[in-house]
Amino acid sequence: MSKLIEVKDLKKEYGNDEVITKILHGLTFDIDKGEFVSIMGPSGSGKSTLMHILGFLDTLSEGQFLFEGRDVSKLEDDELADMRSSKIGFVFQAFNLLNRSTTLENVMLPLLYTDTPKKERVKRATDLLNQVGLGHRLDYTPNKLSGGEKQRVAIARALVNDPDIIFADEPTGNLDSKSGLQVMKILQDLNEKGHSIILVTHEKYTAEHAKRIIMLKDGLIEYDQPVEHRQIADENGTLIK
Amino acid sequence: MNIVESVSTSLQTILRTKARSFLTMLGIVIGVMSVIIVLSVGAGAQSLIINQVKSLGSNLVGVLPGNSEDDGPPASAMGIVVTTLKYSDGQAIEKNGCKCIENVAMYVTGNDTVTAGDSNITGTYTGTTANYINVEDANVEFGHFFSEDEEKTAGRVAVLGFGSKDKLFGDEDALGKRIRIGSVNFTVVGVMEERGVSGFQNQDDQLFIPITAAQKLLLGIDYVNYMRMKVDTALNVEQAIDSVKDILRDRHNIATGEADDFSVRSTAQGLDALTSITDALKFFLVAIASLALVVGGFGIMNIMLATVQERTQEIGLRKAIGAKSNQITFQFLIESVVITFLGGAIGIILGALISVIVAKFAQSLGYSWDLVISLNSILLGAGVSIGIGLIFGIIPARRASKLNAIEALRYE
Ligand SMILES: Nc1ncnc2c1ncn2[C@@H]1O[C@H](COP(=O)(O)OP(=O)(O)OP(=O)(O)O)[C@@H](O)[C@H]1O
Ligand SMILES: [Mg+2]
């Protein structure tokens, strides 16, 4: 399988001249196309930070990050924007929906920055909202939606540009176990269809829906191994394979 | 996202916050409105002045004492007394000037109490020559204008304007009655036809007496304030001017190379001078009105900066899902341009409405006031408001586009 992501001795620190906070102390790992990886770790261990770097939103302080063999630090801002627009779908930890726009508009948003015609945008967004079971909430604004519904809108938005790779930051964090399973089912189905998925979570159970777990601790990789007993979500619950 | 969509998205944003958007545009509304009003009312006032001069006819030549630049007003027009122009100068022009000069009228003016029986008014009287009515195309309603004889011999006769007659005699017959100007008695020999308001001056409140009577009996002067002459056709105006200059230079002993001590102007030249003066005035007023636009522009910038601050999260999200910096810049620029353009449109409509009201009001008072709302001033208003949106929108838009996506996403 071809390499999607190659990370060598990645370090990240925040701060100005006075205070420097070191978050990631040197991570090395590869992710292939089509993989389903969970990034785990306690709160504050830098999971979101890592995800933002891998999604071209943040820059690394030291080390190397190759995406499809290209050195990301050498890419222009506009190229990065293009990659985010065409290859990546984000589900943010805080949803980050636009509160003054409708559900449909929120899901269409990433397509605004591609050259998809308006009709096609509406169709794709509507289809996806139907798939996540929100076909009857198209013209709701997010503040009228429940937490689980918001989460599903955020997922629909991440999928609308048919991305190669999906980053999901705690996508089940705010959900009851049933809605959480629905979300995991969507992600597993997408992975079956060939999308690479990187899931950030601090729950072992959720993480075990992936095929591989990278565990962060104190800014380093504690372990990086395949999931032995993979959980498979379906409509009625989770089966251990 | 194409421009049509961007505009409709901005319109939605603006409609969602109606009150704030309106306050944002207020400066532009007022600025554009003032510019439109100033341009229109300025053009109306200009038309009023110019119509008055035009109504005198295009074949008139005026002579004023004192030298002047070609397109500037002569000193005498600014209230400085120059005494170089004499009654005999006019007579000489009439006798020896170009055949194309049909009539030469001369004028002096003064102010004094005018009494008739019990009524008295403080009025302006004009001492003029008998051919005043030919030069000015005026008509006598009752009686007759004074004769050339009376003009030359300082006859104590007076011709009343329609309004003066009304004020002094009411409905009574005025012909043959006596009036007193200052302490000199005159006999009324004629009453002029009603002429109505022309320009800023009510032609009917006039009172005419022979020029020599005014000079000798009332004013004690030997010069005239100005002359007006009628040329047979407009084509001969240049020739007439040359002949007047020749005669006056000769009579005033002005050596070759020395400047004239008088100014000869045709109505056309006068119009040019008037137009350039009123144009300058209009320009000045527009410049003042434009200040409001600049103030409005800073208002827009201020609010757009606040908007960017408020929408930090939205901007971060847009960047995170693939918006390029210049797409963000574009979005915010379009937003400020849409706001200023809407403001401009409202300003144009209000300005035009007020201009119409002013014009109708002036016309109802009998002034020959043209309603001028030029396409140019509308285009100017629209163009300037778009320009202000661009100029004052660029800083907030750039600031928005420079936001770091991840910091913006974390911003609460
Ligand atoms: N801009 C910043 N400046 C300084 N420190 C930062 C900044 N952004 C994040 N941090 C710090 O980096 C650390 C890692 O943050 P991050 O959001 O990646 O944690 P996380 O593993 O996702 O935690 P959680 O499970 O709670 O979401 C935190 O301690 C946080 O305070
Ligand atoms: Mg996190």
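Chain letters run A, B, ... following the sequence lines, proteins first, then strands; residues in each count from 1. Treat the numbers as computed from the prediction; the structure is a model and nothing was measured.
Within the 4.5 angstrom heavy-atom criterion, no atom of Glu407(B) approaches chain A. The part of Ala405(B) that comes within reach of chain A is its side chain, from C-beta onward, which places non-hydrogen atoms under 4.5 angstrom from that chain.
With Thr102(A) contributing its side chain and Glu105(A) its backbone, the two residues share a donor-acceptor pair below 3.5 Å. Under the 3.5 Å distance criterion, the side-chain polar atoms of Asp218(A) are left unmatched by any main-chain donor or acceptor of Leu220(A). Judged by distance alone, the side chain of Asn326(B) and the main-chain N or O of Thr329(B) form no donor-acceptor pair under 3.5 Å.
Considering only heavy-atom pairs separated by less than 4.5 Å from chain B, the leading option among Asp77(A), Leu98(A), Thr116(A) is Leu98(A). Counting heavy-atom pairs under 4.5 Å between each of Arg157(A), Lys118(A), Gln93(A), Met83(A) and chain B puts Arg157(A) at the top.
Asp370(B) and Gln46(B) share no side-chain donor-acceptor pair at under 3.5 Å.
Aromatic ring pairs are classed by plane angle as parallel below 30°, tilted from 30° to 60° and perpendicular above 60°; the pair Phe167(A) and Phe90(A) is parallel. Taking the six-membered ring where tryptophan is involved, the planes of Phe67(A) and Phe56(A) are perpendicular, since the angle between them exceeds 60° and thus also 30°.
Residues Thr126(A) and Leu104(A) are in side-chain contact: their nearest non-hydrogen atoms beyond the backbone lie under 4.5 Å apart.
Within residues 285-292 of chain B, no residue has any heavy atom under 4.5 Å from a heavy atom of chain A. Residue-level contacts of residues 130-151 of chain A with chain B do not occur; threshold 4.5 Å between heavy atoms.
A cation-pi geometry, defined here as NZ or CZ lying under 6.0 Å from the six-membered ring centre and within 45° of its normal, holds between Lys12(A) and Tyr14(A).
Nearest heavy atom pair, residue Ser325(B) against residue Asp78(A), reads N-OD1, 4.2 Å.
Using a cut-off of 4.0 Å between Lys/Arg side-chain N and Asp/Glu carboxylate O, Asp127(A) and Lys123(A) are scored as salt-bridged. Under 4.0 Å is where a charged nitrogen must lie from a carboxylate oxygen, and between Lys22(A) and Glu62(A) no such pair does.
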